[in-house]
Amino acid sequence: MADFRLAAEPRTEFGKGSARRLRRAGRIPAVLYGHGQDTVHLSLPGREFAAALRNGGGNALLTIVLDGKEQLALTKAVQRDALTRLHEHADLLVVRRGEKTTVEVPIVIVGEPAPDTIPNHQLNTVAIEADATKLPDSIEADITGRTAGQGITAGELVLPAGSTLVTDPDALVIGFLGAPTAEALEAELAEAEAGAGIEKEEAGTEETAAAAEGEESGAEGGSGSADES
């Protein structure tokens with residue numbers, strides 16, 4: 001697992017205005033907490049932080065260098081701009097070498113299922129407990145040769161040595177469905193077209209009835225006018 005060093009700077013100003021100034025300067029507001037220490041407000045170099053997450057994943061191990069001291073940390077939460085997707089704020093958790101921590105790890109699909117079989121993804125991540133300095137970037141799920149009706153549960157995933165599964169072992173990660181046949185697709189299309197025809201016919205009947213009702217109302221109205229005159 002790669003270790004990414006980030007030169008942090010203490011943060012003494014707060015609020016939206018201060019945060020915007022930091023981001024304009026290419027830095028990201030962040031907080032560092034854990035192991036009973038007071039929460040530390042700091043800023044991180046934006047480009048280097050983004051590179052760490054891009055290359056090391058969401059569980060990248062960070063070495064935060066602040067005032068000449070180094071602390072290991074994991075990213076617990078990251079806020080991003082909804083439009084630009086740029087990082088706006090980060091929460092960092094202090095960790096120690098050799099200690100266990102629980103994290104969500106992405107599942108990566110490898111292999112191809114049997115012909116005419118469609119994977120049905122149920123979980124994108126699983127929670128594991130592992131050494132904070134040996135967290136995997138991802139966990140592979142091999143779907144080679146799987147057929148319709150089969151499934152892969154969390155308990156069947158191969159975890160890195162020293163890791164423990166936290167997610168329910170019986171939780172379904174991927175199910176497998178049979179691909180529809182040409183006959184089934186044609187039948188489904190015919191059913192949809194028939195349904196559309198019925199709806200169109202009903203709509204036409206309603207329009208005809210409404211028109212007839214309008215004509216009757218007009219005729220009654222005309223008779224009334226003649227009597228009054």
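Note that these values count all heavy atoms, side chains included, but never hydrogens, waters or copies made by symmetry. Please read all numbers here as calculations on a predicted model, not as lab measurements.
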(message) Between R80 and H89, is there a side-chain heavy-atom distance shorter than 4.5 Å?
(response) no
(request) Enter the distance from E112:CD to D142:CG here, rounded to the nearest 0.5 Å. (result) 10.5 Å
(request) Side-chain contact test, heavy atoms from C-beta onward, threshold under 4.5 Å: evaluate it for V173 versus L157 and give yes or no. (result) yes
(message) Working to the nearest 0.5 angstrom, can you tell me the gap between I174 CD1 and L123 CG?
(response) 9.0 Å
(message) Within the 4.5 Å heavy-atom criterion, are E140 and V158 side-chain neighbours or not?
(response) no
(request) Please report the shortest heavy-atom distance between D137 and G56, naming the atom on each side. (result) OD1-O, 3.1 Å
(message) So which atom in E99 and which in R96 form the shortest heavy-atom distance, rounded to 0.1 Å?
(response) OE2-N, 2.7 Å
(request) Provide the closest heavy-atom pair for G162 versus K100 in the form atom of the first, atom of the second, distance. (result) O-NZ, 2.7 Å
(message) Same cluster or not: I128 versus I109, using hydrophobic residues (I, L, V, M, F, W, Y) connected whenever any side-chain heavy atoms lie under 4.5 Å apart?
(response) yes
(request) Please tell me if the side chains of T75 and L53 come closer than 4.5 Å, counting only heavy atoms from C-beta onward. (result) yes
(request) For a side chain to side chain donor-acceptor pair (under 3.5 Å) with E104, tell me which candidate from N59, N124, T125, T167 qualifies. (result) T125
(message) Quick one, V65 and Q71 - any side-chain contact, counting heavy atoms below 4.5 Å?
(response) no
(message) With heavy-atom distances below 4.5 Å as the criterion, would you say the side chains of P136 and P160 are in contact?
(response) yes
(message) On a heavy-atom basis, which atom in T102 and which in A127 lie closest, and how many Å separate them?
(response) CG2-CB, 4.5 Å
(request) Identify the heavy atoms of A52 and L62 that sit nearest to each other, and give their distance. (result) CB-CD2, 3.9 Å
(message) Can you confirm whether F4 sits close enough to L61 that some side-chain heavy atom of one is under 4.5 Å from a side-chain heavy atom of the other?
(response) no
(request) Could you tell me the separation between the OG atom of S163 and the CG atom of D131, rounded to the nearest 0.5 Å? (result) 9.0 Å
(request) Using a strict cut-off of less than 4.0 Å between a Lys/Arg side-chain nitrogen and an Asp/Glu carboxylate oxygen, indicate whether R27 and E9 qualify as a salt bridge. (result) yes
(request) Quick one: list whatever passes side chain to side chain contact (heavy atoms under 4.5 Å, CB included) with T101, sequence neighbours left out. (result) L74, V103, A132, L135
(message) Looking at R5 and E48, is any side-chain nitrogen of the basic one under 4.0 Å from a carboxylate oxygen of the acidic one?
(response) no
(request) Tell me, yes or no, whether the heavy-atom count around R47 atom CZ, taken from other residues, nucleotides or ligands under 6.0 Å, exceeds 12. (result) no
(message) Please say yes or no: joined through hydrophobic side-chain contacts below 4.5 Å, possibly via intermediate residues, are V31 and L93 part of one cluster?
(response) yes
(message) Which heavy atom of F176 sits nearest to which heavy atom of P119, and what is that distance?
(response) CD2-CA, 3.9 Å
(message) When you group the ILVMFWY residues by side-chain heavy-atom contacts below 4.5 Å and let the links chain together, are F49 and V40 in the same group?
(response) yes
(request) Check whether any side-chain heavy atom of I143 sits under 4.5 Å from a side-chain heavy atom of I152, and report yes or no. (result) yes
(message) Check for me, please, whether L92 and L6 land in the same ILVMFWY cluster - side-chain distances under 4.5 Å, paths through other members count.
(response) yes
(message) I need the T153 OG1 to Q122 CD distance, nearest 0.5 Å.
(response) 12.5 Å
(request) Starting from the C-alpha separation in whole Å, work towards a yes-or-no answer on side chain to side chain contact (heavy atoms under 4.5 Å, CB included) for R11 and L22. (result) CA-CA 10 Å; R11 187 158 55 97; L22 279 174; 3.4 Å; yes
(message) So, taking the atom named NE2 in H121 and the one named CD1 in I107, what distance separates them when rounded to the nearest 0.5 Å?
(response) 10.0 Å
(message) Evaluate L32 against L42 for side chain to side chain contact (heavy atoms under 4.5 Å, CB included), listing each step before the verdict.
(response) CA-CA 8 Å; L32 179 68; L42 46 82; 4.0 Å; yes
(request) Go through Y33 and D91 one step at a time and tell me if the side chain to side chain contact (heavy atoms under 4.5 Å, CB included) criterion holds. (result) CA-CA 8 Å; Y33 59 89; D91 290 0; 4.0 Å; yes
